[in-house]
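Notes follow once the structure below has been shown.
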Amino acid sequence: MKIQRLCCLLSFILLQGNAAEEFFLPAFSWTTEEIDQIEIGYGLQLVDINGDGKTDILLADKSTVQWYENPGWEKHIIAENLTVRDNVCIAARDIDGDGKAEIAVGGQWNFLETMKDGAVHYLVAPEDRTRPWKPVKLYNDPSVHRMHWITGANGGHSLAVKPLRGKGSIDGVGPGLRILNYFVPGDPTAEWETEVISDFLHLSHNFHPVNWDEDPEEELIVAAKEGVWYHDRVEDVWETGQLTDEFAGEVRDGTLPNGRRFIATVEPMHGTACAVYLEPENGKGIWPRLSLLDDAIKDGHALACADFLGNGSDQIMVGWRAMHPKEVPGEPGIKLFYPLNASGNEWGETSISGEEIAVEDIKAADLNGDNKPDLVAAGRKTKNLRIFFNTTPTF
């Protein structure tokens with residue numbers, strides 16, 4: 001295991017109008033630990049798998065699904081060769097209230113094919129969750145690419161599954177992709193009912209569950225060729241609204257120091273730009289771009305928003321993989337962007353990682369119980385799985 005420490009000290013006195021506002025960013029530092037050599041590292045989830053109260057690491061690798069048991073990170077392979085082609089995504093959440101996560105996996109990944117490939121499996125857990133889980137194959141549209149368990153009106157959960165492309169489309173032209181919602185039957189090996197959440201977007205790489213309104217149901221924000229769109233289920237009908245109009249590949253949400261909501265994007269898909277958009281004061285219409293954080297990342301592929309610095313607002317992690325050096329020359333990396341004032345119209349940045357991990361996915365969660373979000377990154381070209389423990393001092 002390789003261990004490395006990164007640290008930085010930041011504090012600012014900012015002038016707003018005639019008043020001086022002290023906006024403090026504490027000394028922050030990271031201790032890194034490499035826990036495995038992997039094949040690709042398509043999808044990460046940070047959840048409690050075995051119900052011991054600790055957050056484990058779950059990974060959908062090229063042909064295996066495995067979890068790493070906290071705190072020693074012992075590896076347990078729970079599924080292998082679910083499909084002929086690669087796994088591509090994974091969803092994990094405790095949906096029955098027993099403290100242990102349920103898991104679904106997307107696979108049979110084929111980047112250009114839009115008529116037949118793709119797969120969705122639900123994994124039935126054995127009593128000993130370190131042993132192989134039973135796969136249950138579900139219906140799927142082609143080009144399955146991302147999935148999330150989402151909360152419904154009655155506190156139950158369903159599985160939202162999103163393809164990258166519409167069935168029969170070619171390079172983002174043609175039929176829109178269908179985001180499907182899968183409802184868990186009493187017997188998970190029985191047929192699952194589905195509904196269509198959305199069917200008009202194209203080239204949608206990633207999406208994210210949020211809960212922005214007063215009801216218990218979660219909504220979805222979806223990054224696509226047509227921009228970022230909001231999907232909200234209202235009285236059994238999914239209503240949609242456009243938030244941005246720039247082609248986006250990644251999207252996450254967060255809160256500024258002044259309490260205003262923002263969304264962070266990577267633009268376009270596998271893109272070079274990381275941007276922040278501010279929710280309008282009335283909550284309606286297109287969100288204005290607050291800041292272009294960076295326009296020179298290389299093959300941007302993952303975002304995470306959390307309060308890594310412990311200052312009461314969210315910051316943005318962006319990871320890129322530089323997988324196609326001929327088209328987009330440069331090295332992979334991870335950067336942390338942080339607002340320099342309450343309104344978020346100025347941002348600072350610091351590098352968290354460089355060529356040592358070519359990010360396919362990143363996720364943030366507290367892994368060691370110190371109430372600070374840590375970061376886990378899976379590397380594609382570099383074929384490694386690495387934890388960045390957040391050792392930022394509390395204040």
Side-chain angles (χ1 to χ4, degrees), residues 42-60 65-70 76 78-79 82 87-107 119-140 144-162 179-197 206-213 215-222 231-233 236 238 252-253 361 363-367 376:
Y42 278 107
L44 284 166
Q45 293 292 319
L46 307 183
V47 290
D48 186 353
I49 300 293
N50 57 358
D52 64 357
K54 299 181 177 68
T55 300
D56 305 301
I57 299 171
L58 176 67
L59 178 70
V65 177
Q66 60 241 27
W67 65 282
Y68 301 83
E69 188 172 355
N70 192 339
H76 307 294
I78 58 174
L82 294 173
N87 298 320
V88 72
C89 60
I90 193 161
R93 190 169 186 173
D94 176 15
I95 66 172
D96 59 10
D98 68 352
K100 305 173 185 178
E102 280 66 49
I103 298 173
V105 184
V120 175
H121 285 89
Y122 176 75
L123 302 184
V124 179
E127 183 174 349
D128 179 358
R129 287 179 162 233
T130 68
R131 307 297 297 169
W133 296 31
K134 178 183 176 180
V136 177
K137 192 176 189 315
L138 308 181
Y139 168 82
N140 69 275
V144 169
H145 202 54
R146 294 291 184 265
M147 54 176 52
H148 290 286
W149 293 106
I150 57 175
T151 303
N154 59 1
H157 295 83
S158 56
L159 180 68
V161 178
K162 186 191 65 56
I179 304 174
L180 295 180
N181 201 20
Y182 292 68
F183 297 97
V184 187
D187 176 3
T189 65
E191 185 176 356
W192 293 40
E193 293 184 3
T194 62
E195 67 175 0
V196 178
I197 295 174
N206 217 327
F207 72 144
H208 186 63
V210 298
N211 193 350
W212 289 352
D213 56 22
D215 63 42
E217 294 178 311
E218 288 181 314
E219 308 90 51
L220 297 171
I221 49 176
V222 183
H231 296 69
D232 183 15
R233 187 171 185 168
D236 295 327
W238 284 93
R252 294 291 185 267
D253 73 315
D361 197 14
K363 290 292 187 294
D366 178 12
L367 296 180
V376 180

Original post:
Would V120 and Y139 satisfy side chain to side chain contact (heavy atoms under 4.5 Å, CB included), going step by step from the backbone distance to the final call?
Top reply: CA-CA 7 Å; V120 175; Y139 168 82; over 6 Å; no

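- A 4.5 Å side-chain heavy-atom check between D48 and N50 finds at least one atom pair inside the cut-off.
- You'll find the side chain of I57 reaches within 4.5 Å of the side chain of L44, heavy atoms only.
- Counting heavy atoms from C-beta outward, T151 and N211 have side chains that stay 4.5 Å or more apart.
- The closest side-chain heavy-atom distance from V161 to N140 is not below 4.5 Å.
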Original post:
Can you check side chain to side chain contact (heavy atoms under 4.5 Å, CB included) on I179 and V222, steps first, answer last?
Top reply: CA-CA 10 Å; I179 304 174; V222 183; 3.9 Å; yes

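- Of all non-hydrogen atoms in N70 and D52, the two that sit nearest each other are O-OD2, 4.0 Å.
- Note that the CG atom of D366 and the NZ atom of K54 stand 12.0 Å from one another [nearest 0.5 Å].
- Here CG of L159 is found 10.0 Å from NE2 of H148. Values are rounded to the nearest 0.5 Å.
- Residue-environment remark: NZ (K134) stays at or below the threshold of 12 foreign heavy atoms within 6.0 Å.
- In this structure, the side-chain contact (heavy atoms from CB on, under 4.5 Å) partners of D94, at least two apart in sequence or on a different chain, are D96, D98, E102.
- The minimum heavy-atom distance linking P135 with H121 is given by the pair CB-CD2, 3.9 Å.
- Within a 6.0 Å radius of CD in E193, other residues, nucleotides and ligands contribute 12 heavy atoms or fewer.
- The pair D361-K363 counts as a salt bridge, with a side-chain nitrogen and a carboxylate oxygen less than 4.0 angstrom apart.
- The line from CG of L138 to OH of Y182 is 6.5 Å long, rounded to the nearest 0.5 Å.
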**OP:** Evaluate the side chain to side chain contact (heavy atoms under 4.5 Å, CB included) criterion for residues Y42 and V105: first the C-alpha distance (whole Å), next the side-chain angles of each, then the deciding distance (0.1 Å), finally the verdict.
**Re:** CA-CA 11 Å; Y42 278 107; V105 184; over 6 Å; no

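- Of the possible donor and acceptor atoms, none in the side chain of R131 sits under 3.5 Å from a partner among the backbone N and O of A125.
- Between V124 and P188 the shortest heavy-atom distance is CG2-CG, 4.4 Å.
- Using modelled atom types and a 3.5 Å distance limit, the side chains of D232 and W212 yield no donor-acceptor pair.
- Between I49 and K100 there is no side-chain heavy-atom pair separated by less than 4.5 Å.
- Side-chain contact between Q66 and I78: absent, with no pair of heavy atoms (C-beta onward) separated by less than 4.5 Å.
- Residues passing the salt bridge (charged side-chain N to carboxylate O under 4.0 Å, His left out) test with E217, sequence neighbours excluded: none.
- Counting heavy atoms from C-beta outward, F183 and T194 have side chains that stay 4.5 Å or more apart.
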Subject >> Test side chain to side chain donor-acceptor pair (under 3.5 Å) applied to N181 and E195, step by step >> reply: CA-CA 5 Å; N181 201 20; E195 67 175 0; 3.1 Å; yes

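- A distance of 13.0 Å separates CZ of R233 from CD of E218, quoted to the nearest 0.5 Å.
- Ring geometry, W67 versus H76: the interplanar angle falls from 30° to 60°, so the pair is classed tilted.
- Relative orientation of the Y122 and W192 rings is tilted, given thresholds of 30° and 60° on the angle between their planes.
- Annotation for I150 and R93: closest pair CA-NH1, 3.9 Å, computed over non-hydrogen atoms.
- In this structure, NE2 on H145 lies 7.0 Å from CG on N206, to the nearest 0.5 angstrom.
- You'll find the side chain of M147 stays beyond 4.5 Å of the side chain of I90, heavy atoms only.
- Between L46 and T55, the shortest heavy-atom contact is C-CG2, 3.6 Å.
- Closest non-hydrogen pair, F207 versus A160, comes out as CZ-O, 3.6 Å.
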Subject >> Full working for side chain to side chain contact (heavy atoms under 4.5 Å, CB included) between V184 and S158 >> reply: CA-CA 6 Å; V184 187; S158 56; over 6 Å; no

